[in-house]
Student: 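Got a structure for you, questions after.
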Amino acid sequence: MAEAGSFADRVKQQADIVRVVGEYIRLKKSGQNFTGLCPFHGEKTPSFAVHPVKQIYHCFGCGKGGDVFNFVMEMDKVPFPEAVRIVAEKCGIAIPKPKERSPEQQKEHQQRAALIEMHREAQSFFTKQLESTAEGRAARAYLEDRGLNAEALSRFGIGYAPSGGDVLLRSLKQKYAEKLLVESGLISRDQSGGRLFDRFRRRITFPIANESGKIVAFGCRALGDDQPKYLNSPETPIYSKSNVLYHMDRAKEAIRRQDFAILVEGYMDAIAVARADIVNVVASCGTSLAEPQIKLLGRFTKRVIVNYDPDAAGQAATERSISLLLEQDFEVRVLALPAIGDKKADPDLFIREKGAESYIKALKDAPPYVDYLISRARQMDLSSGEGKLRALNFLLPYLQKIPNRLLRSEWATRIAQQLRIDEPVLRAALSKAANERRGEVKTQPELVGKAAKPTERRLIRMLVEAEGFRREIARRLQQARLYEGLESEKILAALIVAGLSDQPMQATEIGSLLDERDRRLFFEILFEPAQEGSWEEAESCLEALHRRQIEQELLRVQRDIEALPAGQSIRELLSRKQELLKRLAAADHG
Ligand SMILES: [Zn+2]
């Protein structure tokens, strides 16, 4: 990540990973490394190691590893540039002023700044309309009826877009070019491409801020029965709805502190929950949660309570969200609020009718997602075998996503009982499904164990460390394609490329090229206590690989010979075999 010669690279060169990590957790010297309790997974005996020479860390328990920036990114939940800044600050390295922008970047930057300024002005326009016009007063009455008093209106910046059609336009057009007005999404152009008019008319406005609190869009609700009921800003240069979570700017501190977030559907729900002094709430604004939104949330917590509307659309959205959240390793609970009278309760209605206390209690009791899904499955028709199969097929994909085997087994028992399915039948289905997806499952640490032969492990170490002859090792591996078919093939391939280049060898750069399993194996190998390698040792490792290559080829020929139908000429294969045997003998004596 740190490009050679960049500021990040300089920080990395100067920073001492042991000192930086040591500010977060207690490290003890142990051999050539430092070890401590891993901050990324619960443990009582240290399996977290920091390598002072290679400037990397690795946890033998959970497999997390990387350089000083990866560590800070993971600990502080910050993006890369921020991690560089934090490390620079910790190490007292002066941070340079931002580079000169290219004219294009400058223009883009100016455009974004103008759009944000325009949104700020629109925001004060909308709130003024709500406060001081006759139309606005009617809107206020409506909001008060929904339980939003003056304090709430000002806290959440709620405003009003008047019905005129060009009131906002008139207040903005002195200052902004037409093109920019249209780009902002606040102003629309009519079909014929001529006249401009306000996008939002006769609507309550809710400002939508990005993570850093700048208003980038509006969500608007119709005051009367106008359709659509909800109308939001379109995608603009400053707003993409899949990247923004409503209320995130105000919720993020509480989410980090409490280590969980409440996810609701709309801004009215988020406001209702936040007003009940439960600040760690965000809304997806729309029924579908998108992956970038989950990643944003994941920077602050990995635990979520999903509290969507109980209608059919909300249920479908809940299930889709569960899938997405599980894929991103979230711990998910689901709060399905009970109906109030004959009304299905969303968070807003529930809190208004039952009070904040009841809502907090409901949150505490919110079951893990599997319980929620079982209760959904139980609503299906379970009287026939076919119906049970349908319910089971509904549950299986989620059940498979439970990473912990014990937990999975426990749930299987629960499901069998609740759906009255024969437990062995269910387990068979589950293990079949599990086998089908094994290919994509992340390898658990215990499965990695002592992978790769000692020869491979030694060569990997020397390719990283032996500055004097790494290039020669890389060349020989490459030339005879000795690495092909080895367990560590991908690691060696990446090291060969790096070894043949003139760039200095960076362990984390190599790691970032590998998939999770290979990266873990690579880091494990780097942390093994080992003596310095010599060219003699490297040569003997290369010879061992060479021998292995011939043996493999010999095996193939032998198999071909055996597979040949009787009576066919095998002379060619036999002479190939002889040749290989000779080469093997030569390799043994060489
Ligand atoms: Zn760990």
Side-chain angles (χ1 to χ4, degrees), residues 1 12 15-80 83 86-87 90 256 259-260 295 297-304 325-332 401-408 440-452 457 460 491 506-529:
M1 264 198 234
K12 193 171 161 170
D16 175 10
I17 191 172
V18 177
R19 219 186 87 198
V20 174
V21 173
E23 284 187 25
Y24 294 82
I25 56 170
R26 207 197 327 220
L27 290 175
K28 246 177 56 194
K29 183 115 176 70
S30 153
Q32 57 171 348
N33 301 330
F34 287 80
T35 57
L37 293 176
C38 175
F40 305 120
H41 83 280
E43 63 173 8
K44 294 207 175 68
T45 49
S47 49
F48 181 87
V50 180
H51 200 301
V53 180
K54 296 196 185 76
Q55 291 284 305
I56 53 176
Y57 68 95
H58 177 69
C59 173
F60 289 83
C62 67
K64 293 249 160 85
D67 63 13
V68 65
F69 300 137
N70 299 125
F71 183 83
V72 171
M73 282 161 76
E74 185 94 27
M75 284 302 284
D76 287 357
K77 307 283 180 219
V78 293
F80 179 73
I86 292 172
V87 173
K90 283 190 194 303
R256 195 200 311 262
D259 194 17
F260 82 95
K295 293 214 161 120
L297 197 56
R299 284 179 28 213
F300 301 94
T301 189
K302 284 283 186 185
R303 302 198 302 158
V304 170
L325 287 161
L326 291 178
E327 271 161 30
Q328 303 287 331
D329 290 327
F330 273 77
E331 188 189 311
V332 187
K401 288 194 173 123
I402 305 175
N404 184 307
R405 203 170 46 189
L406 262 176
L407 212 58
R408 201 162 58 224
E440 62 187 67
V441 181
K442 281 188 214 151
T443 315
Q444 297 297 313
E446 70 266 19
L447 294 181
V448 173
K450 273 276 174 195
R457 299 173 88 94
I460 288 170
I491 302 173
Q506 296 259 19
T508 38
E509 311 266 300
I510 304 287
S512 69
L513 300 172
L514 302 170
D515 67 20
E516 180 61 17
R517 183 198 169 277
D518 284 330
R519 190 192 60 75
R520 280 187 182 191
L521 177 57
F522 179 51
F523 271 57
E524 269 184 39
I525 293 170
L526 293 186
F527 272 96
E528 268 169 357

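As the structure lists them, so they are numbered: ligands from 1, and atoms in each ligand from 1.
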Student: Less than 6.0 angstrom separating the ring centers of F260 and F330, yes or no?
Tutor: no
Student: Below 4.0 angstrom, N of the basic side chain to O of the carboxylate: do E524 and R520 qualify?
Tutor: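 The answer is no: the pair does not qualify as a salt bridge.
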Student: Would you check if F48 and V21 make a side-chain contact, meaning some heavy-atom pair closer than 4.5 Å?
Tutor: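 Answer yes - side chains close enough.
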Student: Between Y57 and N70, is there a side-chain donor-acceptor contact under 3.5 Å, judged purely by atom types and distance?
Tutor: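 There is no such pair between these side chains.
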Student: D67 and side chain to side chain donor-acceptor pair (under 3.5 Å): which single residue from Q506, K54, K12 fits?
Tutor: K12
Student: Is any protein N, O or S atom closer than 2.8 Å to the Zn ion (ligand 1), and if so, which?
Tutor: C38 SG, H41 ND1, C59 SG, C62 SG
Student: With rounding to the nearest 0.5 angstrom, report the CZ to OG1 distance, F60 to T45.
Tutor: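 Atom-to-atom, F60:CZ and T45:OG1 are 13.0 Å apart.
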